[in-house]
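A quick write-up on the structure given underneath.
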Amino acid sequence: MGMIKNLWRGFRGGPDFSEVNPLNASLENIQFSVELPYSNIDTNEPPRSIHFPIMKDGWFDQHAESLKYYRYVHVDTQMWFYVPSVVNLPSGELGVLTLMTQIKRIPEEKNISAFDLDSLGKTVISEYEDYYNSPIIGWDDNDKDPSLGKNTKIRRDILELANSRSEPWSQEFIDREINLRLSDTGYAPLKPHKIKTINGRSWLFYIEQKAVARPAKNRIYCMPLTDKYYLCLDFGYRVDRIDKFKLWKDHAEAAEKRIMESVKLTIPNDELALTHQG
């Protein structure tokens, strides 16, 4: 029956909720849990931490890692392969759904509260825009992330190419070439954030999409923990076969929805926690 189902769907793998592996953690005095299907990828991750004292002086800086335009403390990572339904088909993976659970902190220079989800949304989007459109280009410095200022580099490269030609390009042609290159290999502008209500709680939601012409994306949910710290569940869609993404896209997004609906947050003195999570 499973083989017939896989042939009908056109893929194997992805999150399977027949067995789940609960993730439980204490985020300072907030109890967090989520039901995760077992990963179908072997990993060598160290044992999970269960207590994250985010309010302890210096704790975040001591444990934080940097990834592109933000710093975070890692809580958990899960990955689920999607592969062709025919076992011996030599076409490799179709893609991977990844869930990274992280704790992030609002930069000190941003005078906002994480509980103001609208301001938080505008802040994370501006951080993204400022990073990829930075006047400093990481590609020019081996000590920096090459994606820093990637859009700026694309614009610079097109202008240098235009200026090197014996017959100059028109501004209209230059703008078109820049937009085409940004669409194919740049970092696309983010659409405005949304506020989503899941199990009675409001989450900040936004989507990162590396290039307009490519379906790979990150669908990101944020929940404030304190004025300066927030929880982030980042669902990454790595697409290895663009022509086959439609086969597993709906399955992955349904799994994402089910995982988010399984999230429980028990917050002291919180009426929503008592009403919706009890």
Side-chain angles (χ1 to χ4, degrees), residues 15 20-39 41 43-80 97-117 119-121 123-124 127-128 193 196 198-206 208 218-236 256 258-274 276-278:
V20 294
N21 181 25
L23 166 62
N24 298 287
S26 174
L27 313 176
E28 195 65 42
N29 60 349
I30 298 171
Q31 301 304 311
F32 163 71
S33 69
V34 60
E35 294 185 354
L36 301 172
Y38 280 92
S39 173
I41 302 174
T43 62
N44 294 317
E45 279 202 54
R48 290 172 173 167
S49 297
I50 59 172
H51 183 53
F52 297 82
I54 56 178
M55 298 297 290
K56 182 179 178 181
D57 286 345
W59 181 88
F60 184 88
D61 290 320
Q62 181 182 351
H63 293 86
E65 304 172 55
S66 294
L67 181 62
K68 296 182 178 176
Y69 64 92
Y70 61 85
R71 285 176 60 75
Y72 71 99
V73 170
H74 176 259
V75 177
D76 182 65
T77 298
Q78 297 291 324
M79 302 175 71
W80 300 276
L97 175 65
T98 303
L99 170 58
M100 294 189 296
T101 303
Q102 305 165 327
I103 299 169
K104 295 182 181 178
R105 183 176 65 188
I106 296 173
E108 292 183 3
E109 65 272 15
K110 303 292 185 180
N111 188 26
I112 67 165
S113 167
F115 292 106
D116 183 346
L117 292 183
S119 293
L120 179 60
T123 295
V124 296
E127 287 179 318
Y128 169 98
H193 65 273
K196 289 196 171 189
I198 304 172
N199 291 340
R201 292 196 179 279
S202 296
W203 293 77
L204 168 67
F205 173 75
Y206 64 102
E208 290 185 4
N218 289 74
R219 294 167 55 87
I220 302 169
Y221 299 80
C222 301
M223 167 65 65
L225 301 171
T226 72
D227 270 340
K228 293 300 178 185
Y229 295 94
Y230 58 99
L231 177 68
C232 177
L233 275 69
D234 183 338
F235 292 86
E256 171 192 317
R258 185 165 174 177
I259 289 170
M260 286 304 303
E261 289 175 344
S262 77
V263 171
K264 292 184 179 180
L265 290 161
T266 303
I267 303 174
N269 303 317
D270 177 48
E271 291 183 5
L272 280 178
L274 297 174
H276 295 284
Q277 309 297 338

Could you pull out all residues at least two apart from Glu65 that satisfy side chain to side chain contact (heavy atoms under 4.5 Å, CB included)? Tyr72, His74
Not counting sequence neighbours, which residues clear side chain to side chain contact (heavy atoms under 4.5 Å, CB included) with Thr98? List them please. Thr77, Met79, Val96, Met100
Output the distance between atom [atom1] ([X]) and atom [atom2] ([Y]), rounded to the nearest 0.5 Å.
| X | Y | atom1 | atom2 | answer |
| --- | --- | --- | --- | --- |
| Asp76 | Leu36 | CG | CG | 6.0 Å |
| Thr101 | Leu23 | OG1 | CG | 6.0 Å |
| Ile259 | Leu97 | CD1 | CG | 6.5 Å |
| Gln31 | Ile267 | CD | CD1 | 10.5 Å |
| Asn29 | Thr266 | CG | OG1 | 11.0 Å |
| Asp57 | Gln62 | CG | CD | 12.0 Å |

The ring-ring contact (aromatic ring centres under 6.0 Å, His included) partner of Tyr229 among Phe115, Trp59, Phe60 is Phe60
Please report the shortest heavy-atom distance between [X] and [Y], naming the atom on each side.
| X | Y | answer |
| --- | --- | --- |
| Arg105 | Asp61 | NH2-OD1, 2.8 Å |
| Met55 | Thr226 | SD-CG2, 3.6 Å |
| Leu27 | Phe32 | CD1-CB, 3.9 Å |
| Ile106 | Ala114 | CD1-N, 3.5 Å |
| Trp80 | Pro37 | NE1-O, 3.3 Å |
| Cys222 | Leu120 | CB-CD2, 4.5 Å |

Taking the side chain from [X] and the backbone from [Y], do they hold a donor-acceptor pair closer than 3.5 Å?
| X | Y | answer |
| --- | --- | --- |
| Arg201 | Leu265 | yes |
| Gln102 | Cys232 | no |
| Trp203 | Met260 | no |

Exactly one candidate in Ile220, Leu99, Asn218 meets side-chain contact (heavy atoms from CB on, under 4.5 Å) with Phe235; the answer is Leu99
Could you list the residues that satisfy ring pair (Phe, Tyr, Trp, His ring centres under 6.0 Å) with Tyr206, not counting sequence neighbours? none
Those residues that, when tested against Tyr128, pass ring pair (Phe, Tyr, Trp, His ring centres under 6.0 Å) (two or more places apart): Tyr69, Tyr132
Do Lys196 and Ser202 come close enough that some side-chain heavy atom pair is under 4.5 Å? no
Within residues 222-236 or reaching into it, pairs that qualify as salt bridge (charged side-chain N to carboxylate O under 4.0 Å, His left out) - sequence neighbours excluded: none
Please work out whether the ring planes of Tyr221 and Phe205 are parallel, tilted or perpendicular, with thresholds of 30° and 60°. tilted
Sequence-distant partners of Arg258, side-chain hydrogen bond (donor to acceptor under 3.5 Å, both in side chains), two or more places apart: none
